[in-house]
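Below: the structure, in structure tokens.
Not measured: the values here are computed from a predicted model. Count residues from 1 along the sequence. Whatever order the structure lists ligands and atoms in, that order sets their numbers, starting from 1.
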Amino acid sequence: MKIGIVCYPTFGGSGVVATELGKALAKEGNEVHFITYRQPTRLDFFSANLFYHEVDIKSYPLFEHAPYELALASKMVNVVKYENLDLLHVHYAIPHASAAYMAKQILKEEGIQIPVVTTLHGTDITLVGKDPTYEPVVTFSINQSDGVTAVSESLKEDTYKLFKVFKDIEVIPNFIDLERFKKQKKEHFKLAICPNGEKLMVHTSNFRKVKRVEDVIQVFFEVRKVIPVKLLLVGDGPERDKMERLCRSLGTCDDIRFLGKLEAVEEVLSVADLFLMPSEKESFGLAALEAMACEVPILSSNAGGIPELNIDGETGYVCEVGDVADMTQKALRILSDENLPGFKLRALERAKTFDVSKILPLYENFYKKTIERTLSLSK
Ligand code: GMT
């Protein structure tokens, strides 16, 4: 198949999933064309089946905001037409699904039928999408997609709850490349961070409010009163400054390191003993899956789709959002020498069920079904 993938090229989960999906599809012999405004972060190598089309955004003094959606739709039209694409797969509804709808209508006028698959990732539904500023367009463009997928059952339910969506939504969970995300031998790194055999807690995120990084620091602060422990914070975002101030006011700076954005996050995860994800909203929790693949148990909230991934009492624990006291107790339970090896093993076993080799065929079948249905309806 020849597939166009539209996504955000940044570190965010939806962009990572879209890029990894494109890479896996290309490995299987499909031709994949990425359409976005910058080279996706993880698309950093050459492959005969992978192409990248940059959306140029023309500015003009009259525009306070350059119309990205129009430039994107125009680029989609050109790529579909000149590369003979079979399908467009857009990740994150805003504004990709509505731009795809526009491209589809333009192509229809020229006698070209292009099926559009939209994958809902989370905040496009639960946070930004439901805002009245965008809601009518999001509802319309989801309903106009030829196929819709969501990354968890919880996100599918939220979509039906929050929007007047009548389209069938297929749940295709996120996936992991276990070749890349696996525990590596990094003892020298562990020794540098935990010179006295301390346990190591890790959190990675985009440091937005919904991630509740303050809970990570509070839980760490409480755990540190009981056992020797260190904390690594990976990523960057709007809340980072505030979190640095919180560390200073709690007097924990010596035991916490802010590492900023990292490409090779699997190296850090390889030495971690516990991953924290106390998010207020989280449709899937890809960062937790990456940790599990590196044999790290998860202490999480019960937000959104996290409990579909992190099995309470098995791969870690699932607590109420904001319940720092419970999280502290559960963190100590996981980190005990007696329990830790079992949790690590079960986290890895769970991660294996999300291996890319198991999830990729779900997307390929979904594409085939959507292409057949769209073409038969247009006859
Ligand atoms: O978590 C974010 O803020 C980034 C966001 C994105 O779209 O890039 O992540 C969402 O999509 C990921 C990939 O499907 C999911 O693993 C995350 O759970 C989801 N984030 C939220 O729902 C908050």
Looking only at distances, please establish whether an N/O atom of ligand 1 is found under 3.5 Å from an N/O atom of Gly122.
no

> Ring centres of His89 and Tyr363 under 6.0 Å apart?
Replying inline: yes

Exercise. Taking N or O atoms only and a 3.5 Å limit, does Gly13 qualify as a polar contact for ligand 1?
Worked result: yes

Numbered in order shown, the ligand 1 atoms found under 4.0 Å of a heavy atom of Thr123 are 22 (O), 23 (C)

At under 4.0 Å between heavy atoms, what of Asn174 touches ligand 1? The answer is side chain

Can a non-hydrogen atom of Gly304 be found less than 4.0 Å from any atom of ligand 1?
no

* Compute the ring centroids of Phe34 and Phe51, then answer whether they are less than 6.0 Å apart. => no

Under 3.5 Å between any N/O of Val210 and any N/O of ligand 1: does that happen in this structure? no

Of His121, Glu280, Met277, the one whose closest heavy atom lies nearest atom 11 (O) of ligand 1 is His121

Salt bridge (Lys or Arg N to Asp or Glu O under 4.0 Å) pairs touching residues 127-137, sequence neighbours excluded, are none

Looking only at non-hydrogen atoms, the one of Lys211, His91, Lys281 nearest atom 1 (O) of ligand 1 is Lys211

So, do Glu308 and Ser154 sit near enough that their side-chain heavy atoms are less than 4.5 Å apart? yes

**Prompt:** Between Ser14 and ligand 1, does any nitrogen or oxygen pair lie at a separation below 3.5 Å?
**Reply:** yes

In short, salt bridge (Lys or Arg N to Asp or Glu O under 4.0 Å) pairs touching residues 138-147 with sequence neighbours left out are Lys104-Asp146

Min over Ser283, Gly305, Ser205 of heavy-atom distance to atom 22 (O) of ligand 1 lands on Ser283

* Ion pair present between Asp255 and Lys230, side-chain N to carboxylate O less than 4.0 angstrom? -> yes

Per-atom filter on ligand 1: closer than 4.0 angstrom to a heavy atom of Leu286 are 16 (O)

Closest heavy-atom approach to atom 2 (C) of ligand 1 among Leu127, Asn206, Leu155 is made by Asn206

Worksheet item: Is the distance between the ring centroids of Tyr317 and Phe343 less than 6.0 Å?
Response: yes

Quick note on ligand 1: atoms under 4.0 Å from a heavy atom of Tyr92 include exactly 7 (O)

Notebook entry, point to check: Salt bridge check: are Lys156 and Asp168 linked by an N-O gap of less than 4.0 Å?
Noted result: no

One finds that the ligand 1 atoms under 4.0 Å from a non-hydrogen atom of Arg208 are 3 (O)

*Check whether the ring centres of Tyr8 and His91 lie less than 6.0 Å apart, and answer yes or no.*
no

